[in-house]
Amino acid sequence: MLKATTDLSVQFFSFLVMSFLFSHMISMRSDATNTTDSGWGSGEACPENCTCRAMDYPKYRSLFNKTVVCTGVQFLNNIFPENIPLDVEILDLSHCRLTRLSLRLTLKHLRFLDISNNDLKVMDRQIHKLTALRQLIMRNNSLSYLQNGAFSGMLYLEVLDLSNNQLYSIEPHTFGGLNYLKKLNLEGNRLHFLSPQWFVSMPSLGWLFLSNNLIGRLKANVFEMLSGLFTMKLDENRISYIEPGAFNGLSHLRILYLTDNLLQTIPSQELHNLPLLQYLYFDKNPVLRIPTLAFHSMNLSMLTMSYMPHLKVIEKESFLNLKHLVTLQLHDNSELVYIDPNAFVNCSHLKNLYLHNNKLQSVSSVLKDSLPALKTLHLYNNELECDCNAMWMKQENLREISNKTYRSVLFGDSLLKCGSPSNRKGILLRDLPLSALNFTCAPVIIPLFRRSYNLSIGEELHLECYAMGLPSPKITWRLPNGTLLDKENLRTGRYEIRNNSRFILRYLYESDTGRYSCEAQSVSGFDTESSIVTVNNKPVRISAEYVAGNFITISWNGTRNQWSMTGYEIHYKPLDNSEKFQIIPLDRRLRQFRYTFTNLSPLTTYMFCIVYVFETELYTVHCTNITTGDEDLSTTGITHINSKMIVGVVTSIFMLLILGCCVLVVRRVGKRKDYLEPLYSKDTESLIDVIPLESMYQGQTTPAACSSRTSLIQSQD
Ligand SMILES: *[C@@H]1O[C@H](CO)[C@@H](O)[C@H](O)[C@H]1NC(C)=O
Ligand SMILES: *[C@@H]1O[C@H](CO)[C@@H](O)[C@H](O)[C@H]1NC(C)=O
Ligand SMILES: *[C@@H]1O[C@H](CO)[C@@H](O)[C@H](O)[C@H]1NC(C)=O
Ligand SMILES: *[C@@H]1O[C@H](CO)[C@@H](O)[C@H](O)[C@H]1NC(C)=O
Ligand SMILES: *[C@@H]1O[C@H](CO)[C@@H](O)[C@H](O)[C@H]1NC(C)=O
Ligand SMILES: *[C@@H]1O[C@H](CO)[C@@H](O)[C@H](O)[C@H]1NC(C)=O
Ligand SMILES: *[C@@H]1O[C@H](CO)[C@@H](O)[C@H](O)[C@H]1NC(C)=O
Ligand SMILES: *[C@@H]1O[C@H](CO)[C@@H](O)[C@H](O)[C@H]1NC(C)=O
Ligand SMILES: *[C@@H]1O[C@H](CO)[C@@H](O)[C@H](O)[C@H]1NC(C)=O
Ligand SMILES: *[C@@H]1O[C@H](CO)[C@@H](O)[C@H](O)[C@H]1NC(C)=O
Ligand SMILES: *[C@@H]1O[C@H](CO)[C@@H](O)[C@H](O)[C@H]1NC(C)=O
Ligand SMILES: *[C@@H]1O[C@H](CO)[C@@H](O)[C@H](O)[C@H]1NC(C)=O
């Protein structure tokens, strides 16, 4: 198995060589195109302006093959030329503005077909006839979909290049029968997802290029059949989630591109599922942190994580036991302020560490000393704290100056600039005298939190902070009431501390309002940074919208949208009554910001509260007192429903219907418009309005006059 992959790698490199040669070929092409040439020997016809010769063709590894080159030639009607010698082996029809293939010829010997840079919109069914084809290059056409069996018949196809088309739909068995395919290029299309069925019959697929599509998520087992895959490119997509098991089966993958996607966390679990992965390109993802054990015990030799605009922190032991790692690129992360001194453990072969163009305030000598093989360390263009923390850099610098045979690991130390303390900002470290630095210094906190937070009850508070200084300081957290939390890891009640440096307080109460401080202490001194946290009640208010004798409609506002009512309840009871509150949960079945309470007593004051609930906690957000009207008013509101009323209502509905029919008839006969109007009194209309169907939990249909009434009656039964 291992040998097989080495073969693949050899092929990969020869492929690189070929593409190199090809790029040279472009400049030679004008020489190769020979307008006067015809056939190979037997005077066969050659399409006008094409070259038909037995020759070596570098685009395809060929030796003296029968080659027809028509690149750039304009054919009649922009379709495939008819007079191509039937025994052609290599055919180049790139840049011919072809709109259709309409392949009528049977080119049994054709091994290489380049129809790139044309304007083909559909795959031609006749392409089946090309049974000997090894390489099909269809780059830069206008294909938008591919159908099942599109390539069936091309039993020996090894390379299929469909890049830079408009493909958005590929049927599950499109690539069925391509059992010898080695390279599949689908770059630069509009694919939104990948289907595992595409890859079912391709045991020899070594290269799969899917860059620059619209893929948003990698599903579990999607590459399961690709056990021979060597290189996979998934860069420039919109991948935001890699499902567990997405990389199952990729037992030979060595090179993986995930650059320029939308991954917010490092998919460690999935990456650890790639036993032979050597090169991982992970730049330009919106990752916030590289957490502990993000990469451990993998076979990586090169890893890039640069140009990540959100990356702030590299935690301790984030690179653990990477014994083959040689090069690590972590530069141009404009927010990266902190790298833990113990970020690297057992990375015994790491030679090149690129940390330039970040915002790092210090890189500990501990970090440098933990990398025995380190040869090159780029640290320029950071915001170094020029105190004891920079001492080792200064020493390296001086040692190199005084000893001609010593080579410092620090590359470009003439560019090491101080960012702090404030009186040294902008000064080059090189220009500071050694005496300006000490071997120990007081802690300096690097807070990763804002000066203040404005949160709502129920939300979470996250504070994170680190500290520099020698000896290394200990971090503790202080609560508003003065209590000190000094455990390295803690989880009690609503509080959590992780690795000393992250403080989390869940389910905020209004009483959690106050100043939260991160404190750093060592024998050399003390530093503290704090944040003022304000916990607000939710800005939701309730008010009476309609009041009758036996029912009240209330409405509320202030929730961000109508779908975010989860967690809210309305509690109500008569005010002068000690009975328990009745509870109405507000969930998404309620489409409107209102609710009608029925079965109330007339002339009674009720207390309505909107309450926010999470876990076992309960917050009263806002209350209001509302008094129901008297009996008279309630008659309009249909208080005492009895059979007479029902009969009355049913009768009136019936009469309404009859009237409706009359109106229709009248309208047909003549034009008597305002006939119906007096029947809808103002009162009835508003009554109908304030009794939404939803409050009866009866589905979401638009309330029509009749159905509102009937549902009201039902609810009273
Ligand atoms: C075309 O090919 C012939 C024979 O190989 C050669 O003599 C001639 O110079 C070529 N013409 C061009 C324009 O390359
Ligand atoms: C054409 O090229 C292929 C691949 O290099 C080779 O195997 C084949 O023998 C060549 N055909 C001729 C007629 O030279
Ligand atoms: C062949 O080339 C000549 C000169 O460039 C051009 O006038 C002619 O239209 C071309 N014929 C075809 C079929 O492309
Ligand atoms: C695609 O093909 C067209 C037509 O030949 C050409 O003008 C264009 O430059 C090509 N685009 C790319 C990216 O190769
Ligand atoms: C890990 O990678 C190295 C090259 O970096 C390679 O020599 C070695 O065989 C790989 N290990 C395994 C288990 O494949
Ligand atoms: C580092 O490697 C050594 C030797 O391989 C091993 O004994 C040790 O446990 C490793 N350290 C960690 C933290 O894994
Ligand atoms: C100079 O550096 C070399 C290489 O690191 C070392 O072997 C040598 O001992 C150093 N010489 C002095 C005088 O420090
Ligand atoms: C170095 O340490 C001494 C005593 O600990 C202190 O007085 C002095 O200010 C420190 N110098 C700097 C540059 O921090
Ligand atoms: C905090 O948020 C509340 C509402 O969410 C707002 O009324 C208040 O003005 C905000 N306070 C500050 C200081 O921004
Ligand atoms: C301070 O607040 C914490 C958390 O609310 C509480 O556990 C602790 O008892 C309080 N301490 C004092 C002295 O009030
Ligand atoms: C909510 O309603 C109350 C009373 O009806 C009003 O005073 C308040 O401005 C409203 N708030 C919002 C955010 O609309
Ligand atoms: C409702 O009435 C009670 C009793 O008079 C009073 O204590 C309470 O504050 C009132 N609530 C509101 C929101 O007005």
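Just follow the structure's listing: the first ligand is 1, and inside any ligand the first atom is 1. Remember, it's a predicted structure, so these values are computed and weren't measured experimentally.
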To check your reading of the model: name the closest protein heavy atom to [atom], its residue, and the distance in Å.
| atom | answer |
| --- | --- |
| atom 12 (C) of ligand 7 | Asn403 ND2, 3.1 Å |
| atom 11 (N) of ligand 4 | Asn140 ND2, 2.7 Å |
| atom 4 (C) of ligand 4 | Asn117 O, 3.7 Å |
| atom 6 (C) of ligand 6 | Asn346 ND2, 4.0 Å |

Donor-acceptor contact below 3.5 Å, side chain [X] vs main chain [Y]:
| X | Y | value |
| --- | --- | --- |
| His252 | Leu276 | no |
| Asn397 | Gln395 | no |
| Arg111 | His109 | no |

* SG-SG distance between Cys70 and Cys96 under 2.5 Å? ->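 Taking the criterion (SG atoms under 2.5 Å apart), Cys96 and Cys70 fail it, so no.
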* To do: Would you please determine whether Lys323 falls within less than 4.0 Å of ligand 6 on a heavy-atom basis?
  =>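 For ligand 6, residue contact (heavy atoms, under 4.0 Å) with Lys323 is present.
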* Do the two ring centres, one from Phe151 and one from His128, sit under 6.0 Å apart? ->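 Not close enough - the centres of the two rings lie 6.0 Å or further apart.
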* Counting only heavy atoms not in Lys368, do more than 12 sit closer than 6.0 Å to its NZ atom? ->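 Correct, the count exceeds 12.
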* **Greater than 12 external heavy atoms within 6.0 Å of Lys487's NZ** => no
Is there a protein heavy atom at a distance of less than 4.0 Å from [atom]?
| atom | value |
| --- | --- |
| atom 9 (O) of ligand 6 | no |
| atom 14 (O) of ligand 7 | yes |
| atom 2 (O) of ligand 6 | yes |

* To do: With heavy atoms of Leu320 as the reference, note each atom of ligand 6 found under 4.0 Å away.
  =>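 It comes down to these atoms of ligand 6: 13 (C).
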* Atom indices of ligand 6 within 4.0 angstrom of Val345 heavy atoms, with elements ->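 Near Val345, the atoms of ligand 6 are 13 (C).
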* For ligand 7, which atoms have a heavy atom of Thr405 less than 4.0 angstrom away? -> 1 (C), 2 (O), 3 (C), 4 (C)
* Under 4.0 Å from a heavy atom of Tyr406: give me the atoms of ligand 7 that qualify, with their elements. =>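 In order of number, 2 (O), 5 (O).
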* To do: Considering the heavy atoms of His95, write down every atom of ligand 4 situated less than 4.0 Å from one of them.
  =>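 Near His95, the atoms of ligand 4 are 5 (O).
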* What is the ring orientation for Tyr57 with Phe112, classed by angle as parallel under 30°, tilted 30 to 60°, or perpendicular over 60°? ->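 Judged by the thresholds at 30° and 60°, the geometry between Tyr57 and Phe112 is perpendicular.
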* Asked: Should Arg399 be counted as touching ligand 7, given the test is an N or O pair under 3.5 Å?
  -> no
* Answer yes if the side chains of Asp119 and Asn141 hold a donor-acceptor pair under 3.5 Å, and no otherwise. =>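 No.
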